[in-house]
> 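Sharing a structure here in structure tokens format.
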Amino acid sequence: MTAAGGTITILIGAVLLRLTVTDTYSRYVRPELGVFLTISGIFVIVLGLATLVGALRPGRNAAAHDHDHDHDAVGVGWLLLAPIAALLLVAPPTLGSYGVGRAAAIDIRSGGAVFDSLPRSSAPRQMTLLEFGQRAFDHNGSNFNHASVQLTGFVSATESRGFQLARYQIACCAADATPVVIQVVGTSGDPPPLDQWVTVTGTFRPGGREIPKLAATSIVEIAAPNEPYE
Amino acid sequence: MARAAGKDVALGGADQGDLDGRSRAWRPDAGIAVVVLVIVAAAVLRPALVDLLDRPAVAHWATIFVSIAIAAMPFLVLGISISAAIAAFVPPGFLPRILPDRPALAVPVAAVAGAALPGCECGSVPIAGRLVSRGAPAAAALTFLLSAPAINPVVLVATAVAFPGMPEVVAARLLASLLAATVVGLVWARFGRDSLLDRARRSHSHGGTRLSVLAGTAQHDLLQAGGFLIVGAATAATLQTVVPRSVLDSVAGSGFFALLALAGLAVLMAICSEADAFVAASLTQFSLSARLAFMVVGPMVDVKLISLQVGTFGGRFALRFAPLTFVSAVGSAALVAWWLL
């Protein structure tokens, strides 16, 4: 294998390690995969270094070239430079509103979970959009018990009197992302812009059919969270 | 861009080829220079890249593209490690000796053996390629290639989690996948031509110490499989970005057409087999049979896998193998769904 192959391999490992060190990887894959990305990154860097040293060592060419040259060519491996260059310079963003209408929507009724009633407390209860949706379909949301809840997601559509809040669920990587969407109502003024991340506090409002409704009492615009998927 | 750069190197090498020794001394440096050039060019073009990512469709494409590539890396590394270990530690002639001669026996054994590899499809392609180059019967290696990503314990547990309270879905997935892999193996044993596998057979191991065989094989497989993975990831990202959801909704429902539609979707989406059950669970507008077809076809045929198979076994092979596998997977899913679901 040529020195170029070794260099590309080292770059692959460097990109993998950089993604895990900067925590950017959670934009693309489940957080649990992080440790495996680190292990793969180290493995690949060691492999690339071994190749590079072997290729540059004097006297190596005469001994090692007694077989097929094709086998040594980087060939299609050059294509790996495309994602490497892209990821070293610009990290693509987390999935946003563009994909909400394209992906298969999550069916929040699947599983048919049954929930205990929420306690009435002063502090709003933080929950995922998925749990909110599942609670909404369990006995028409009576388990909310009028308690205040807090949801974090991004704006996936805006309407005159509210907006849709969405968040993706991923099982492995962003290619299998499926969005959960809820309707935020009772807002005043202009809704936040598309793809803006917000934390919404409010109470469940019955009557949403396919898309459950949340009557907002406060909306805070936030930066995209470190782990953007549920 | 990277592709064009690769050609430049090849041409450069040929130009310098008059003096063989000189060219060899020259080539590695040229390769590194091209790598550096690509990175520098990308750095110079960075503002243009940032502008491009401001477009939602481009950003969506880029995120899915790098996601597939990144998520595949740990599995690919596992696959190439096992493949390299086979090259370094399994002596030639050993596999043909221990495997049953009769395909009718070897193929089902290979199908069940797939349960022992807890990975997804990206890792099993280099392993199957290595098994073929080490002289394992092609039918058995190909059966293993199909069954490993579909029936390993991680995938079955994920399926059980995605379909809570429905163990029949897990059983149906296991049976339909085993059946599909076995049928393909037996058909290949009867009608397949080994000449189609020349590319994998030719791929010999590096000489030298065990360690250098290990590193050389792993390095070669990583770049080979990785490059084709990039082609597959780009294809899947493109299809996910341009094919609108309404196409899917228009064929929703039950019946054989819906089953065929989800089988086709599995080919286009190229989701990792450890995650596809969750997507299948969410496709509630489709019948359970159609969603079973999605989970049986996905780990065996998809755009990313076809690309990897072209790289490992050659285009003429993939041209025959992918349709055969698709038909077998759809048929098995329909049959098992009719029986169990």
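Only a predicted model underlies this, so the values are computations on that prediction, with no experimental measurement involved. Chain identifiers are assigned alphabetically (A, B, ...) following the order of the sequence lines, protein sequences preceding nucleic acid strands; residue numbering begins at 1 within each chain.
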> Quick check on A/Leu37 against chain B: is it the side chain, the backbone, both or neither that has a heavy atom closer than 4.5 Å?
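Both parts, backbone and side chain.
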> Do A/Trp78 and B/Val34 have side chains that get closer than 4.5 Å, going by heavy atoms?
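Sidechains of B/Val34 and A/Trp78: in contact.
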> If you count heavy-atom pairs under 4.5 Å with chain B, which of A/Cys172, A/Pro83, A/Gly48 comes out on top?
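Heavy-atom pairs under 4.5 Å are most numerous for A/Pro83.
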> When rounded to the nearest 0.5 angstrom, what distance separates OG1 in A/Thr2 from CG in B/Leu223?
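A/Thr2 OG1 to B/Leu223 CG: 8.0 Å, rounded to 0.5 Å.
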> If every non-hydrogen atom of A/Pro92 is compared with every non-hydrogen atom of B/Leu53, which pair is closest and at what distance?
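Result for this residue pair: CA-CD1, 4.2 Å.
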> Given heavy-atom pairs under 4.5 angstrom as the criterion, report whether the side chain, backbone, both or neither of A/Ile39 touches chain B.
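Neither part.
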> Is there a side-chain contact between A/Leu11 and B/Ile39, using heavy atoms and a 4.5 Å cut-off?
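Yes, close enough: below the 4.5 Å cut-off.
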> Please classify the contact of B/Val242 with chain A as side chain, backbone, both or neither, using a heavy-atom distance under 4.5 Å.
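Answer is backbone: N, CA, C or O of B/Val242 sit under 4.5 Å from chain A.
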> Among the options B/Leu229, B/Asp276, B/Val77, pick out the one with the most heavy-atom pairs lying under 4.5 Å from chain A.
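Counting heavy-atom pairs under 4.5 Å, the top option is B/Val77.
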> Name the member of A/Thr7, A/Val90, A/Asp195 that forms the most heavy-atom pairs with chain B at distances under 4.5 Å.
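Answer, by heavy-atom pair count under 4.5 Å with chain B: A/Val90.
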> Could you tell me which portion of A/Ile170 (side chain, backbone, both or neither) has an atom closer than 4.5 angstrom to a non-hydrogen atom of chain B?
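Answer is neither: A/Ile170 stays 4.5 Å or more from chain B.
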> Under the side-chain contact (heavy atoms from CB on, under 4.5 Å) test against B/Ile70, which residue among A/Leu87, A/Val15, A/Thr24 passes?
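Of all the options given, the one that passes is A/Leu87.
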> Report which part of B/Ala62 has an atom under 4.5 Å of a heavy atom belonging to chain A: side chain, backbone, both, or neither.
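B/Ala62 touches chain A through backbone and side-chain heavy atoms alike.
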> Please say whether more than 12 non-hydrogen atoms of neighbouring residues, nucleotides or ligands are located less than 6.0 Å from CG in B/Asp51.
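Count over threshold, so yes.
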> Does any heavy atom of chain B fall under 4.5 Å from the side chain of A/Leu52, the backbone, both, or neither of them?
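Only the side chain of A/Leu52 comes within 4.5 Å of chain B.
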> Less than 4.5 Å apart, side chain to side chain, heavy atoms only: is that true for B/Ile64 and A/Leu95?
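Yes - at least one pair of side-chain heavy atoms lies under 4.5 Å apart.
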> Taking atom OG1 of A/Thr94 and atom NE2 of B/His60, what is their separation to the nearest 0.5 Å?
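Interatomic distance, A/Thr94 OG1 to B/His60 NE2, rounded to 0.5 Å: 11.5 Å.
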> With a 4.5 angstrom heavy-atom cut-off, which part of B/Phe65 approaches chain A: side chain, backbone, both or neither?
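Contact with chain A involves the side chain of B/Phe65 alone.
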> In terms of heavy-atom pairs under 4.5 Å, which option from B/Leu76, B/Leu222, B/Val50 contacts chain A the most?
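Between B/Leu76, B/Leu222, B/Val50, the count favours B/Leu222.
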> In Å and rounded to the nearest 0.5 Å, what is the CD1 to CG distance from B/Ile68 to A/Asp176?
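Between B/Ile68 CD1 and A/Asp176 CG, I get 9.5 Å after rounding to 0.5 Å.
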> Please tell me if the side chains of B/Thr63 and A/Tyr28 come closer than 4.5 Å, counting only heavy atoms from C-beta onward.
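They are in contact (side-chain heavy atoms under 4.5 Å apart), so the answer is yes.
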> If every non-hydrogen atom of B/Gly227 is compared with every non-hydrogen atom of A/Leu79, which pair is closest and at what distance?
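Minimum heavy-atom contact is O-CD1, 3.8 Å.
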> Can you tell which of A/Ala91, A/Ala86, A/Gly41, A/Pro93 has the highest number of heavy-atom pairs within less than 4.5 Å of chain B?
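Heavy-atom pair counts peak at A/Pro93.
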> Using every non-hydrogen atom in the two residues, find where A/Ala175 and B/Ser67 come nearest and quote the distance to one decimal.
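Here A/Ala175 and B/Ser67 meet closest at N-CB, 4.4 Å.
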> Does A/Asp23 have more than 12 heavy atoms from other residues, nucleotides or ligands lying within 6.0 Å of its CG?
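Atom CG in A/Asp23 is crowded, with more than 12 foreign heavy atoms closer than 6.0 Å.
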> Against chain A, label B/Ala57 side chain, backbone, both or neither, depending on which of its atoms sit under 4.5 Å from a heavy atom there.
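For B/Ala57, the contact with chain A is made by backbone and side chain together.
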> Measure A/Phe43 against the heavy atoms of chain B and call it side chain, backbone, both or neither at under 4.5 Å.
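A/Phe43 touches chain B through side-chain heavy atoms alone.
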> What is the distance from atom CE of B/Met73 to atom CG of A/Leu16, rounded to the nearest 0.5 Å?
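If we round to the nearest 0.5 Å, B/Met73:CE and A/Leu16:CG are 5.5 Å apart.
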> Between atom CG of B/Leu45 and atom CG of A/Leu89, what is the distance when rounded to the nearest 0.5 Å?
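If I round to the nearest 0.5 Å, the distance is 9.5 Å.
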> In terms of heavy-atom proximity below 4.5 Å to chain A, should B/Leu265 be classed as side chain, backbone, both, or neither?
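Neither the backbone nor the side chain of B/Leu265 comes within 4.5 Å of chain A.
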> Give a yes or no on whether A/Asp116 atom CG has more than 12 heavy-atom contacts from other residues, nucleotides or ligands under 6.0 Å away.
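Incorrect, the count does not exceed 12.
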